[in-house]
Engineer: 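Input: one structure, supplied below.
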Amino acid sequence: MVTDVAPDLPHLHPAARQLATLPAAERLRHVRADRWIGYTRATQALDKLETLLAWPTRQRMPNLLVIGPTNNGKSMIIEKFRRAHPPASHPDREEIPVLVVHMPSDPSVTRFYTALLAAMGAPLRPRQRLAELEQLALRLLRELHVRMLVIDELRHVLAGRGDSRREFLNLVRFLGNELRIPLVGVGTREAYLAIRSDDQLENRFAPLTLPRWQADEEACSLLASFAASFPLRRPSRIATPEMASYLLTRSEGTIGELEHLLTDAAVEAIESGEEAITQRVLLMAPYAGPTERRRLFERELT
């Protein structure tokens with residue numbers, strides 16, 4: 001087990017240096033906690049969202065469609081933006097600047113309005129008619145001064161039948177016209193196909209893609225940021241093209257899976273006493289990528 005540790009820990013961010021002096025149990029809690037690692041495309045997405053939030057009211061507001069593979073950072077970007085604009089209480093009113101609602105798996109208009117009201121914390125009565133749900137939702141959206149509506153899991157629009165899908169797409173268009181606030185859709189490629197099926201909506205939603213990662217300079221910079229954020233007492237030499245290629249192949253190119261892999265490796269590094277993410281630690285870590293997990297699951301079913 002490695003015991004000689006540099007006291008100044010220059011390979012870490014300042015906050016991680018302080019954490020690296022703590023006992024292993026406390027460091028493990030930090031390693032397993034959520035963390036924000038900035039990168040170019042995420043910064044661009046946040047800047048675009050800020051621009052939309054500050055957009056002056058007009059008859060036809062601009063909208064955004066954030067598209068990317070599953071587990072590639074879309075929801076984390078939205079959550080960071082929402083936290084930057086939290087709900088606020090004033091003497092005469094409540095405000096929710098950014099309202100996030102998750103698209104129901106069955107995209108009926110009634111279920112969507114119910115989810116919208118739940119996101120605003122509105123009490124719901126059983127068997128409310130659609131017209132009542134609609135008027136209540138519109139009234140609360142205005143009273144709470146909602147300035148941006150984010151619809152997550154927009155791909156579920158495709159789960160509905162033809163008539164139901166068209167009805168919901170009409171609802172999205174109606175909300176944009178009625179509220180005159182930016183709408184942000186979040187989802188996978190299927191969400192883009194859903195919006196593209198309606199010419200008017202396609203013209204209103206500008207796409208912003210979060211593609212799978214490649215082993216390039218940006219990926220190396222991302223890995224360097226991860227390495228500096230884990231409270232490990234020895235440098236992790238992972239910010240190289242070779243390691244980027246290896247890690248992205250194992251994690252199948254999404255930032256969520258990459259974080260999962262590196263977190264498992266950082267835990268192993270602390271528990272084993274290695275105190276750095278090395279090739280040996282990566283092989284010892286219990287991580288399995290999406291394809292491997294599916295293969296193991298299918299094998300257990302047979």
Side-chain angles (χ1 to χ4, degrees), residues 1-22 24 27-46 68-77 80 209-293 295:
M1 181 179 294
V2 177
T3 57
D4 52 329
V5 178
D8 52 349
L9 305 172
H11 60 284
L12 298 179
H13 290 313
R17 290 176 198 169
Q18 297 179 359
L19 293 167
T21 64
L22 298 175
R27 290 191 290 144
L28 288 172
R29 279 197 294 272
H30 174 77
V31 166
R32 290 171 171 141
D34 284 337
R35 63 178 46 77
W36 170 259
I37 301 292
Y39 54 95
T40 301
R41 196 59 68 98
T43 301
Q44 291 172 347
L46 291 171
T70 298
N71 208 7
N72 204 32
K74 302 182 299 296
S75 295
M76 184 166 285
I77 290 170
K80 182 171 179 62
T209 58
L210 299 173
R212 292 185 185 273
W213 286 78
Q214 304 296 322
D216 53 17
E217 184 178 345
E218 179 82 1
C220 289
S221 176
L222 178 73
L223 291 172
S225 296
F226 270 113
S229 70
F230 289 124
L232 302 177
R233 295 171 179 173
R234 286 183 167 272
S236 298
R237 315 289 186 186
I238 60 175
T240 66
E242 295 77 17
M243 285 297 289
S245 179
Y246 170 76
L247 292 168
L248 291 174
T249 297
R250 283 193 64 182
S251 60
E252 300 185 17
T254 66
I255 192 171
E257 287 293 334
L258 178 63
E259 181 177 22
H260 184 181
L261 168 57
L262 293 176
T263 297
D264 281 357
V267 169
E268 177 63 31
I270 293 174
E271 292 182 338
S272 67
E274 191 77 13
E275 290 295 345
I277 299 175
T278 63
Q279 190 69 48
R280 176 175 171 272
V281 165
L282 286 165
L283 292 174
M284 292 171 59
Y287 174 81
T291 299
E292 186 179 355
R293 292 199 298 268
R295 189 182 299 118

Engineer: Which heavy atom of Arg17 sits nearest a heavy atom of Leu12, and at what distance?
Structural biologist: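 What the structure gives for the nearest pair is NE-O, 2.9 Å.
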Engineer: For Pro241, does its backbone N or O pair with a side-chain atom of Ser245 as donor and acceptor, under 3.5 Å?
Structural biologist: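 Between the backbone of Pro241 and the side chain of Ser245 there is no qualifying donor-acceptor contact (under 3.5 Å).
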Engineer: At their closest point, which heavy atom of Ala16 faces which heavy atom of Ser229, and how far apart are they?
Structural biologist: CB-O, 3.7 Å
Engineer: Would you say that more than 12 heavy atoms from the other residues, nucleotides or ligands in this model lie under 6.0 Å from the CZ of Arg293, or not?
Structural biologist: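 Correct, the count exceeds 12.
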Engineer: Less than 4.5 Å apart, any side-chain heavy atom of Leu258 and any of Leu222?
Structural biologist: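 With C-beta onward as the side chain, the pair touches.
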Engineer: Does any part of the side chain of Phe226, heavy atoms only, come nearer than 4.5 Å to the side chain of Ile277, both counted from C-beta?
Structural biologist: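 They are not in side-chain contact.
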Engineer: For the pair Ser251 and Tyr287, evaluate side-chain contact (heavy atoms from CB on, under 4.5 Å) and give the outcome as yes or no after the intermediate values.
Structural biologist: CA-CA 9 Å; Ser251 60; Tyr287 174 81; 4.0 Å; yes
Engineer: Drop me the distance from Arg233's CZ to Thr21's OG1, to the nearest 0.5 angstrom.
Structural biologist: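 Answer rounded to 0.5 Å: 7.0 Å.
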Engineer: Do Pro231 and Leu22 have side chains that approach each other closer than 4.5 Å (heavy atoms only, starting at C-beta)?
Structural biologist: no
Engineer: Say you draw a straight line from CG of Asn72 to CD of Glu252; how long is it, rounded to the nearest 0.5 Å?
Structural biologist: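 Answer for the CG-CD pair, Asn72 versus Glu252, is 12.0 Å.
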Engineer: Closest heavy-atom contact between Ala266 and Val31?
Structural biologist: CB-CG1, 3.7 Å
Engineer: Quick check for you: to the nearest 0.5 Å, what is the distance between Glu218 atom CD and Leu223 atom CG?
Structural biologist: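 Rounded to the nearest 0.5 Å, the CD-CG separation comes to 10.5 Å.
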Engineer: Quick one: list whatever passes ring pair (Phe, Tyr, Trp, His ring centres under 6.0 Å) with His11, sequence neighbours left out.
Structural biologist: none
Engineer: Which pair of non-hydrogen atoms, one from Gly73 and one from Tyr39, has the smallest distance, and what is that distance?
Structural biologist: CA-OH, 4.4 Å
Engineer: Distance check, rounded to the nearest 0.5 Å: Thr254 atom OG1 versus Asn71 atom CG?
Structural biologist: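 Answer for the OG1-CG pair, Thr254 versus Asn71, is 4.5 Å.
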Engineer: Quick one: does Phe230's side chain get under 4.5 Å of Thr263's, heavy atoms only?
Structural biologist: yes
Engineer: Looking only at heavy atoms, which two atoms of Ala24 and Ile270 are closest? And how far apart?
Structural biologist: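 Nearest pair, atom of Ala24 first, then Ile270: CB-CG2, 3.8 Å.
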Engineer: Regarding Arg212 and Glu257, does a basic nitrogen lie under 4.0 Å from an acidic carboxylate oxygen?
Structural biologist: no
Engineer: Would the distance check show the side chain of Arg234 and the main-chain N or O of Glu275 forming a donor-acceptor pair, the cut-off being under 3.5 Å?
Structural biologist: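 Not at all, since once roles are kept as given, no pair shorter than 3.5 Å links the two residues.
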Engineer: Output yes when a side-chain donor or acceptor of Lys74 lies under 3.5 Å from a complementary backbone atom of Gly68, and no otherwise.
Structural biologist: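 Yes, because the side chain of Lys74 sits within donor-acceptor range (under 3.5 Å) of the backbone of Gly68.
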Engineer: According to salt bridge (charged side-chain N to carboxylate O under 4.0 Å, His left out), does anything in residues 35-46 pair up with another residue at least two apart or in another chain? List the pairs.
Structural biologist: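 Matches after skipping sequence neighbours: Arg35-Glu259.
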Engineer: Walk me through it: do Ile255 and Leu210 pass the test side-chain contact (heavy atoms from CB on, under 4.5 Å)?
Structural biologist: CA-CA 10 Å; Ile255 192 171; Leu210 299 173; over 6 Å; no
Engineer: Find the distance between CG (Leu282) and CD (Glu268) and round it off to the nearest 0.5 Å.
Structural biologist: 10.0 Å
Engineer: Considering all heavy atoms of both residues, which atom of Leu46 and which atom of Lys80 are nearest to each other, and what is their separation?
Structural biologist: CD1-CD, 4.1 Å
Engineer: Out of curiosity, Arg250 CZ to Glu292 CD, how far, rounded to the nearest 0.5 Å?
Structural biologist: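 So the CZ of Arg250 and the CD of Glu292 are separated by 7.5 Å.
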Engineer: Excluding sequence neighbours, so at least two apart, what forms ring pair (Phe, Tyr, Trp, His ring centres under 6.0 Å) with Tyr246?
Structural biologist: none
Engineer: Has Gln44 got more than 12 heavy atoms of other residues, nucleotides or ligands less than 6.0 Å from its CD?
Structural biologist: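 Correct, the count exceeds 12.
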Engineer: Considering residues, nucleotides and ligands other than Gln279, do more than 12 of their heavy atoms fall under 6.0 Å from its CD?
Structural biologist: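 More than 12 heavy atoms, drawn from other residues, nucleotides or ligands, come within 6.0 Å of this atom.
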